[in-house]
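Everything below concerns the one structure shown next.
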There are 2 protein chains.
Amino acid sequence: MVTMSDVARLAGVSTMTVSNVINGRRSVSQDLRRRVLDAVRETGYTMNRSARTLRTGTTGVIGLAVPSLDHMYFAELGSRVIAKAAELGYRVAVQQTGAHIEGEIDAVAMSHTLDCDGLILSAIEIGPEEAALLNRSIPLVLLGERLYGEAVDHVAMPNVEGTRAATVHLVEQGCRRIAWASNAVPEDDQHNVVIDRLLGYRRGLADAGLREDPELLVPVDQPTMADAAAGIAQMVRDGVEFDGVVAVTDAVAFGVMRGLANAGLRVPQDVRVIGFDDVQHAQFSVPSLSTIAPDHDWMVTTALTLLSERIKDHSPRPGRELVAPFRLVARESTA
Amino acid sequence: MVTMSDVARLAGVSTMTVSNVINGRRSVSQDLRRRVLDAVRETGYTMNRSARTLRTGTTGVIGLAVPSLDHMYFAELGSRVIAKAAELGYRVAVQQTGAHIEGEIDAVAMSHTLDCDGLILSAIEIGPEEAALLNRSIPLVLLGERLYGEAVDHVAMPNVEGTRAATVHLVEQGCRRIAWASNAVPEDDQHNVVIDRLLGYRRGLADAGLREDPELLVPVDQPTMADAAAGIAQMVRDGVEFDGVVAVTDAVAFGVMRGLANAGLRVPQDVRVIGFDDVQHAQFSVPSLSTIAPDHDWMVTTALTLLSERIKDHSPRPGRELVAPFRLVARESTA
DNA sequence: TTGAAAGCGCTAACAT
DNA sequence: ATGTTAGCGCTTTCAA
């Protein structure tokens with residue numbers, strides 16, 4: 001292991017000069033700079049980050065906590081976060097919370113200890129009740145899922161407006177019996193993405209003068225492709241009539257399309273389907289999936305900007321909440 | 001910031017006793033143990049990992065370098081690696097190489113510096129020429145892509161046998177004009193996953209007594225859904241006749257199915273399609289995708305086992321190469 | 001512009 | 001069973 005002292009000795013300077021050259025701090029004379037750089041090259045020196053971290057208290061690592069990279073939306077999010085963070089000089093440590101509140105609290109608690117300068121948390125379960133925890137933690141940005149009022153920075157999705165637009169789109173395409181495909185969550189939960197998207201669905205129906213029919217709530221257990229396929233199959237088996245489905249996520253929409261295929265129903269001829277997220281696969285499925293496309297790059301850029309501001313300036317300041325713009329992308333599944 | 005000394009002072013012991021209690025090393029009397037734990041609770045102490053890292057030289061972090069989490073296969077791989085690593089007490093820092101050799105070399109080079117105890121590299125481009133680099137690096141396991149002979153530990157996919165089985169399966173389903181959908185790579189590259197899978201396709205054809213027809217190589221630029229869709233469309237436009245497609249990955253297979261749909265060809269009635277990887281979506285696409293399913297859990301468990309052995313025991317030892325078992329999963333796309 | 005000294009928080013090695 | 005000492009490799013602070 002080559003240390004700074006080794007380089008300093010070889011270059012005939014002090015370790016401080018080596019440090020200054022390497023980090024481009026204070027001005028160093030041309031001569032010494034050359035000698036140091038030569039010595040670095042000759043020895044193959046690389047800096048020991050732990051030593052720097054111990055001394056400075058910053059790690060250059062950002063934590064990213066998501067339910068699971070197995071969910072296509074979060075994988076794509078992770079990809080963007082890692083790429084963008086790299087541009088800003090940060091590495092990313094990924095943590096999977098399993099969509100459990102315990103995992104999410106863990107993520108926040110551990111980030112303390114975990115050599116992270118900041119944390120991006122894509123929270124599903126954690127709520128305002130845990131705000132105290134969040135406030136005590138390292139710099140934090142919540143991404144995409146819940147709403148928290150004033151407590152923390154939050155980059156949100158256009159949940160209500162998105163599913164509202166999706167529902168209105170189905171009506172415009174001629175649908176009159178529009179189902180809602182989503183896992184159910186307690187209606188009194190005020191800060192849940194699922195509730196917000198359900199609300200948008202209801203607003204969309206209302207905009208079109210359609211009545212909500214409880215029969216049209218597809219019984220989905222977890223928001224996975226498998227459960228969505230099973231749920232829609234159940235609804236068909238129950239003899240419920242419907243000609244459109246708004247799905248809470250693209251994954252659920254894919255599951256719905258799969259379940260409809262199993263039941264011998266055609267998309268879009270018999271049933272039109274629209275999702276939410278615009279994951280990559282939405283363009284390539286057969287039929288391709290109409291969906292609500294939040295501006296993912298904007299979200300990630302914004303989240304990392306907020307986070308690095310908080311990292312650089314620790315002075316307390318109120319949380320900000322920003323909502324991503326979105327487009328409705330009409331594809332074959334609602335044609 | 002609460003330090004070990006704070007805890008020690010409050011508990012009326014030395015920092016070593018605190019250290020021993022926290023890390024469960026040497027035996028500590030019940031009484032002192034209690035006092036220390038109480039003091040930890042009271043102060044809310046969490047250990048400073050940088051200090052420990054500086055002292056011990058280990059970080060508890062494993063690097064994972066993949067081309068991109070945007071590729072569904074690597075996202076699912078990442079999910080498994082993070083979950084399994086967590087079980088073993090490691091955190092995971094993810095790096096995206098962009099499938100460029102520069103990115104991969106970077107990953108190896110940086111891992112030195114990067115506070116990783118070990119690195120799992122899913123390499124696409126890096127080859128035996130860079131073996132020197134690999135040997136100088138921290139403990140390393142190559143996962144899934146290339147073959148390296150003796151140099152490093154390598155958990156490989158059943159590339160040749162997999163596509164051979166896939167090809168034979170198509171023949172058994174009645175196909176006689178079987179296309180190969182993949183990006184092309186230089187034929188003299190001896191250590192490339194694509195070459196191996198192409199070889200398996202050729203062996204499968206030979207097993208069935210079929211002749212290889214250069215017309216049947218689908219022109220795919222990158223192994224993405226978009227390029228695969230474009231490639232198969234081109235082939236249809238060129239008037240090439242075919243009744244089966246072996247795709248180098250599931251993503252390419254999805255692109256192929258999408259391109260066939262654009263061309264008005266039905267899967268499996270007009271063309272049968274089989275992929276490689278068995279990503280989640282293969283079960284839920286319409287039609288569902290037949291594919292070669294390597295045992296992913298086995299691969300990840302094996303890779304992490306090899307890696308943690310090398311982390312714990314630095315004595316040099318020859319590289320091992322293990323090949324994952326696989327199953328052929330027949331679904332609708334080849335029915 | 002450069003260097004010397006001190007110390008970040010922890011643990012290995014050595015006392016007791 | 002517990003404590004003392006020294007030092008991991010870097011950067012901050014102060015002095016020259």
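To find a chain, count down the sequence lines: A is the first, B the second, and so on, and within it residues start at 1.
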**OP:** Give the intermediate values and the outcome of side-chain contact (heavy atoms from CB on, under 4.5 Å) for residues A/Asn20 and A/Met16.
**Re:** CA-CA 6 Å; A/Asn20 287 330; A/Met16 267 322 294; 3.8 Å; yes
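Taking atom CZ of residue A/Arg34 and atom P of nucleotide C/dT2, one finds them 15 Å apart after rounding to whole Å.
Considering only side-chain N and O atoms, B/Thr17 lies nowhere under 4.0 angstrom from the phosphate OP1 or OP2 of D/dT2.
Between A/Met157 and A/Pro294, the shortest heavy-atom distance links the atoms SD-CG, 4.0 Å. Heavy-atom minimum distance, B/Pro318 versus B/Asp153: O-OD1, 4.1 Å. Here the closest heavy-atom approach between residue A/Met299 and residue A/Leu143 is recorded as CE-CD1, 3.9 Å. Closest of all the heavy-atom pairs between A/Arg33 and A/Val21 is CA-CG2, 4.1 Å.
Note that CE of B/Met72 and CD of B/Gln280 are 10.5 Å apart. Values are rounded to the nearest 0.5 Å. For the atom pair A/Leu307 CG and A/Ile138 CD1, the distance stands at 8.0 Å (nearest 0.5 Å).
Rounded to 10 degrees, the angle separating the terminal helix axes of the helix from C/dT1-D/dA16 to C/dT16-D/dA1, each built from five base pairs, is 30°.
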Original post:
What one-letter contact string describes nucleotides 8-16 of chain D from 5' to 3', where B marks a base within less than 4.0 Å of any protein heavy atom, S marks contact via sugar-phosphate atoms alone, and - marks no contact?
Top reply: BBBBB-B--
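Applying the 6.0 Å contact sphere to CZ of A/Arg34 captures no more than 12 heavy atoms from other residues, nucleotides or ligands.
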